[in-house]
Amino acid sequence: MFNVAQFERYLKTGWLGRRFWYLKKMDSTNRYLQSLPGNRLCHGLVCLADEQTHGKGQMGRDWLSDPGDNLTFSIVIKPGHTVQLQFLAMTTMLALQKTMIAATGGKPLLKWPNDVVCGEKKAAGILTESRYNGQKLDRLVFGIGVNINQVRFPKSIRDKAISLSEMCHGKELERELFLAMYLNRLELSLARAMDGEQELLLSVNKNLAGYGKWVSVVVNDQPMDTPVKILGVNEFGHLMVLTAEDDVRIFKKERIQIIADSAHMISS
Ligand code: BTN
């Protein structure tokens, strides 16, 4: 069971995670926060469930996570002004990737648009949802799943998933410490992202899988005829590539598979 008191001892933030809801079991922390009226939710609220019965993944997929082994939580952000949602989500994952490096000594990378991968295997993902009040953005919900100590995965994801524990040769990690380390880092990153700080973009790109490389790409299940060079992410969080014809193509929401070489594939 997640030890909230221990987590709060590690937490050094000003506002992020200071309101913390711990749920033993919930269908999905994202679904729950999206269902509540705006006046129940404050900026920086974090809601964590030890078990999700119907965890939501990207593109209508399920998020599978063994109860008590991993981190499944959602963060409420009430930006107050216009934000580049996709870039903010990438920033959120950059802070996660850096926390993973600090915790494991491994070298996970960001995979556009939303994952943290180690080699070809996924260690974490984010599901970003928003709710509006008329025209006005009421809340952003960043739902984050991180594989921490799980070592046996269901057949459907066995070849695609990895946990932090596996990244550090079976050592068990303290979930409370990891989450606090992450939120401590994320609070600073979010402030920088919301101020539009450009350095973050460099950092996102330096940590992007395939950055600067010529790769074969499959777009929405359609292989592109010729390889493209990954130019990086722009300030909107969109992925830019250079084609063999010297054109720059920008992907916004497409489903991209990057085939680094014939033997290695990174897919979303
Ligand atoms: C992905 O497919 O990569 C996104 C996974 C997001 C999973 C997290 S777990 C906490 C939150 N609640 C959900 O139902 N989904 C997100």
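Order of appearance sets the numbers: ligands from 1, and atoms from 1 within every ligand. Below, each value reflects all heavy atoms present in this structure, side chains not excepted, and no hydrogens, waters or symmetry copies.
- Between the side chains of Ser74 and Asn30, a donor-acceptor pair is found at a separation under 3.5 Å.
- Residue Thr72 places no N or O, backbone or side chain, under 3.5 Å from any N or O of ligand 1.
- Atoms of ligand 1 found under 4.0 Å from any heavy atom of Lys122, numbered from 1 in the order shown, are 1 (C), 2 (O), 3 (O).
- Using a cutoff of 4.0 Å between basic side-chain nitrogens and carboxylate oxygens, Asp115 and Lys121 are not scored as salt-bridged.
- Residue contact check: Ser74 has heavy atoms under 4.0 Å from atoms 11 (C) of ligand 1.
- Residue contact check: Gly145 has heavy atoms under 4.0 Å from atoms 7 (C), 8 (C), 9 (S) of ligand 1.
- Atom 5 (C) of ligand 1 has Trp63 CE3, 3.3 Å as its closest protein atom, hydrogens excluded (heavy atom only).
- Against a heavy-atom cut-off of under 4.0 Å, Gly55 is close to the following atoms of ligand 1: 14 (O).
- Between the side chains of Gln150 and Asn70, at least one donor N or O lies within less than 3.5 Å of an accepting N or O.
- Within the listing of ligand 1, atoms 12 (N), 13 (C), 14 (O) sit less than 4.0 angstrom from a heavy atom of Ser28.
- The shortest side-chain heavy-atom distance between Lys253 and Gln86 falls under the 4.5 Å cut-off.
- The ligand atoms of ligand 1 that sit less than 4.0 angstrom from a heavy atom of Gly143 are 6 (C), 8 (C), 11 (C), 16 (C).
- Gln97 and Asn207 share a donor-acceptor pair across their side chains, judged by distance under 3.5 Å alone.
- For Asp62 and Lys56, the salt-bridge test fails: no basic side-chain N is under 4.0 Å from an acidic carboxylate O.
- Every atom of ligand 1 with a heavy atom of Lys56 under 4.0 Å away is listed here by number and element: 5 (C), 6 (C), 7 (C), 13 (C), 14 (O), 15 (N), 16 (C).
- When only modelled atom types and interatomic distance are considered, Gln52 and Thr29 share a side-chain donor-acceptor pair under 3.5 Å.
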Distance-only donor-acceptor pairs under 3.5 Å for side chains of residues 231-241, two or more places apart:
from	atom 1	to	atom 2	distance (Å)
Asn234	OD1	Phe236	N	3.0
Asn234	OD1	Gly237	N	3.2
Asn234	OD1	His238	N	3.0

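- Two residues are said to be in side-chain contact when any heavy atoms from C-beta on lie closer than 4.5 Å; Ser163 and Ile148 fail this criterion.
- Residue contact check for ligand 1: Thr29 places a non-hydrogen atom closer than 4.0 Å to it.
- Not a single heavy atom of Met59 sits closer than 4.0 Å to an atom of ligand 1.
- Atom 2 (O) of ligand 1 has Gln58 N, 2.7 Å as its closest protein atom, hydrogens excluded (heavy atom only).
- Checking Val76, Leu88, Ile75 one by one against Leu140, the side chain to side chain contact (heavy atoms under 4.5 Å, CB included) holds for a single residue, Leu88.
- Contact between Arg61 and ligand 1 is absent, with no heavy atom of the residue lying under 4.0 Å from the ligand.
- Contacts between Gln52 and ligand 1 below 4.0 angstrom, taking non-hydrogen atoms only, involve the side chain exclusively.
- Heavy atoms of Asp115 found under 4.0 angstrom from ligand 1 belong exclusively to the side chain.
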